[in-house]
There are 2 protein chains.
Amino acid sequence: MARAATTADAFNAVAEPRRRQILDVLSGGERPVNDLVRLVGLAQPLVSKHLRVLREVGLVGVRDEGRQRMYSVNGQPLKPIHDWVKTYERSWSRRFDRLDVVLEELKEVKEDDDGEDE
Amino acid sequence: MARAATTADAFNAVAEPRRRQILDVLSGGERPVNDLVRLVGLAQPLVSKHLRVLREVGLVGVRDEGRQRMYSVNGQPLKPIHDWVKTYERSWSRRFDRLDVVLEELKEVKEDDDGEDE
DNA sequence: GAATTATATACCGATATAGGAATATGTCAA
DNA sequence: TTGACATATTCCTATATCGGTATATAATTC
């Protein structure tokens, strides 16, 4: 065995800076590939390949529009990352200094997020 | 050029499942290497190598204690990941359905996190 | 000092990339 | 149909791993 496949999950897909850059551009709205090529400053085949990886983990969607393919973001697969990282928030956030605030947050999360998804 | 170096940043360091596992164990408190070997079920040299990567991005710290080396977690380098992922929270959180809640959150963040770090 | 324990490093093999160049596929227009 | 444009795929090379085995370093005990 060797290195784990990058296309395996969102963690790996997003570890590549160019792919984060692509997502950042797309977060401003749907874009055809050529826009990304121009905005990210990467060769067209490379952009297509990165988009393939992002598609495979569900981070982007495509829609055919004439001879263009419109790509859009879907952040849902990022939720596991968010959830995992959040458990370490204590390490950097001053918010966790006071217990009462922590409890306040927990209550709030329960109210707003209950039955969120999955 | 080939694949980006894993040791480059927290994004890559954390893309490896075994390393997340190690961090998760350490989040329960300081541990010597052998504990990790046992708990993660990985060969000792592999654990040491993963720890090296984690050390290089600042995600763990070490403390010498006799002939053991006590490792501990430092989540600070995860903050950039948290911040980046958070901008996509809209995609999965029902919390963003109502504008008033969004504004409430923004206000709250400003109060609690102001002048956090860096 | 020798044996033991704890950890780190070096070397190896297999593999999965990232980027580049060339080419294939697909759509529209004249 | 031919040509132009948009995008995807294939083939290639270099490299950075991950896991494994063997070994080196370091501290403790006898």
Side-chain angles (χ1 to χ4, degrees), chain A residues 1-23 25-26 29-73, chain B residues 1-23 25-26 29-73:
Chain A
M1 264 153 264
R3 197 167 190 179
T6 229
T7 125
D9 59 20
F11 273 99
N12 277 290
V14 152
E16 168 62 42
R18 304 316 188 93
R19 286 197 282 263
R20 287 201 299 277
Q21 209 182 337
I22 288 174
L23 291 177
V25 170
L26 290 181
E30 225 184 16
R31 291 276 196 181
V33 178
N34 258 350
D35 274 21
L36 294 169
V37 169
R38 195 162 33 76
L39 293 168
V40 175
L42 215 54
Q44 177 267 313
L46 289 187
V47 172
S48 281
K49 275 185 271 190
H50 282 310
L51 285 171
R52 188 148 148 61
V53 173
L54 293 172
R55 229 184 316 145
E56 276 166 357
V57 301
L59 277 167
V60 300
V62 214
R63 181 174 68 81
D64 280 32
E65 168 124 2
R67 63 179 136 184
Q68 293 189 319
R69 311 203 72 198
M70 304 300 285
Y71 278 88
S72 55
V73 141
Chain B
M1 267 150 260
R3 199 168 188 174
T6 230
T7 123
D9 58 20
F11 273 99
N12 276 291
V14 153
E16 169 63 40
R18 306 314 190 102
R19 285 197 283 263
R20 288 201 299 277
Q21 207 182 339
I22 288 174
L23 292 177
V25 170
L26 291 180
E30 223 181 20
R31 291 276 194 180
V33 178
N34 258 350
D35 274 21
L36 294 170
V37 170
R38 197 161 32 75
L39 293 168
V40 176
L42 216 55
Q44 177 267 313
L46 289 187
V47 172
S48 280
K49 274 186 270 189
H50 282 310
L51 285 171
R52 188 149 149 60
V53 173
L54 292 172
R55 227 185 316 144
E56 276 167 356
V57 300
L59 277 167
V60 300
V62 213
R63 181 173 67 81
D64 280 32
E65 168 123 2
R67 64 178 135 186
Q68 293 188 318
R69 311 202 72 200
M70 304 299 285
Y71 279 87
S72 55
V73 142

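So that the names make sense, note that chain A is the first sequence line, chain B the second, and so on, each numbered from 1.
Heavy-atom distances under 4.0 Å link DNA chain D to Pro45(B), Leu46(B) of residues 30-47 of chain B, given in residue order. A heavy atom closer than 4.0 Å to some atom of DNA chain D occurs in Arg67(A), Gln68(A), Arg69(A), Tyr71(A), these being the qualifying members of residues 62-72 of chain A.
The closest donor-acceptor contact from the side chain of Arg20(B) to the backbone of Val14(B) lies under 3.5 Å.
Listed by chain and residue number, Leu23(A), Leu26(A), Tyr88(B) satisfy the side-chain contact (heavy atoms from CB on, under 4.5 Å) test with Val73(A) (two or more places apart in sequence, or in another chain). For Arg63(B), the salt bridge (Lys or Arg N to Asp or Glu O under 4.0 Å) test picks out Glu30(B), Glu65(B), with sequence neighbours left out. Shown here are the side-chain contact (heavy atoms from CB on, under 4.5 Å) partners of Pro45(A), two or more places apart in sequence or in another chain: Ala43(A).
Atom CZ in Phe11(A) sits roughly 17 Å away from atom P in dT17(C) (whole-Å rounding). Distance CZ (Arg52(B)) to P (dT17(D)): 11 Å, rounded to an integer number of Å.
What you find for Gln21(A) and Leu39(A) is that their closest heavy atoms are NE2-O, 4.4 Å. Considering all non-hydrogen atoms of both residues, Ala13(A) and Val57(A) come closest at CB-CG2, 3.8 Å.
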Do any side-chain atoms of residues 31-38 of chain A form donor-acceptor pairs under 3.5 angstrom with protein atoms, and if so which ones, sequence neighbours left out?
residue  : atom : partner  : partner atom : Å
Arg31(A) : NH1  : Asp35(A) : OD2          : 2.8
Asp35(A) : OD1  : Arg38(A) : NH2          : 3.1

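In this structure, Leu59(B) and Arg19(B) have side chains that are not in contact, with every pair of non-hydrogen atoms separated by 4.5 Å or more.
The side chain of Lys49(A) has dT9(D) as its nearest neighbour among dC18(D), dT9(D), dA10(C).
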